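Treat the numbers as computed from the prediction; the structure is a model and nothing was measured.
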Amino acid sequence: MQDNIIIHRYKEEEIDPGLDLRIREYLIGIFPEWARIFEKKRSWHDARPIFTELAFCGEDLIGHIAIVERTISTSWNFRYIAASFQGVSVRADYRKKGYGKDLLKQTLADCRMAGYPYAILFCKEPLVPYYEANGWNLPDDSMIMWKDRSLPIPMRSNCPMYQELSTLAFPEGPIDVHNPFDHSRKKAE
């Protein structure tokens with residue numbers, strides 16, 4: 001029997017304190033090693049989500065992806081705003097049913113509609129084949145996360161991945177990922 005799953009996009013201002021608490025409790029259950037952070041907020045590295053996609057089965061929260069805007073810069077000093085996927089997850093008892101794929105697909109479509117040229121994420125090495133099967137790519141060169149333009153953030157996972165959301169090819173060479181430098185976007189042509 002197929003579960004009736006609903007995926008809903010929430011802009012940050014639409015998340016009331018009750019839903020915020022539910023999401024943080026969900027994230028603590030999925031990522032217990034980050035409980036200390038999720039007891040207070042729903043994001044890593046001081047990056048507040050622009051929007052969050054949630055999957056529900058009835059009233060149960062069963063899936064989550066938060067989108068954070070990041071600036072990616074190249075060795076040629078080109079800069080683009082990318083949709084950075086955080087907290088990509090499906091509750092354990094709903095895995096291997098295609099819900100994660102559906103959640104990724106819907107979130108990518110929403111990012112494409114919002115005008116982001118790229119989506120990026122960092123994942124643990126065992127998850128690389130899953131993301132590759134869902135259209136994600138490993139970059140040809142390094143991708144490093146930075147905070148405040150000068151301090152690299154040590155990543156527990158070392159597998160950056162990307163997806164092109166427009167006709168604009170993903171930049172070649174080393175990529176630095178930052179909090180956005182400004183709010184102007186370099187959109188796909």
Student: Quick check with a 6.0 Å cut-off and a 45 degree axis cone: is Lys97 positioned over the face of Tyr94's six-membered ring?
Tutor: yes
Student: Ignoring hydrogens and angles, state whether a donor on the side chain of Tyr26 or Ser89 is under 3.5 Å from an acceptor on the partner side chain.
Tutor: yes
Student: Centroid-to-centroid, Phe170 to Tyr118, below 6.0 Å?
Tutor: yes
Student: When rounded to the nearest 0.5 angstrom, what distance separates OG1 in Thr71 from CZ in Arg79?
Tutor: 7.5 Å
Student: Looking only at heavy atoms, which two atoms of Tyr80 and Pro171 are closest? And how far apart?
Tutor: CE1-CG, 4.0 Å
Student: Using every non-hydrogen atom in the two residues, find where Asn134 and Gln163 come nearest and quote the distance to one decimal.
Tutor: O-NE2, 3.1 Å
Student: Of the non-hydrogen atoms in Phe122 and Pro160, which two are nearest, and what is the gap between them?
Tutor: CE2-CB, 3.6 Å
Student: Does one side chain, of Tyr10 or Glu53, offer a donor that lies under 3.5 Å from an acceptor on the other?
Tutor: no
Student: Report the distance from atom CD1 of Ile65 to atom OG of Ser84, rounding to the nearest 0.5 Å.
Tutor: 11.5 Å
Student: Might you point out which heavy atoms bring Phe51 and Cys111 nearest each other, and give the distance in Å?
Tutor: CZ-SG, 3.8 Å
Student: Quick check: do Arg42 and Leu27 have side-chain heavy atoms less than 4.5 Å from each other?
Tutor: yes
Student: Would you call Arg48 and Glu12 a salt bridge, using N to O less than 4.0 angstrom?
Tutor: yes
Student: Going from NZ on Lys101 to NZ on Lys105, what distance comes out if it is rounded to the nearest 0.5 angstrom?
Tutor: 7.5 Å
Student: Would you give the length of the straight line joining atom CD1 of Ile62 to atom CD1 of Ile30, rounded to the nearest 0.5 angstrom?
Tutor: 10.0 Å
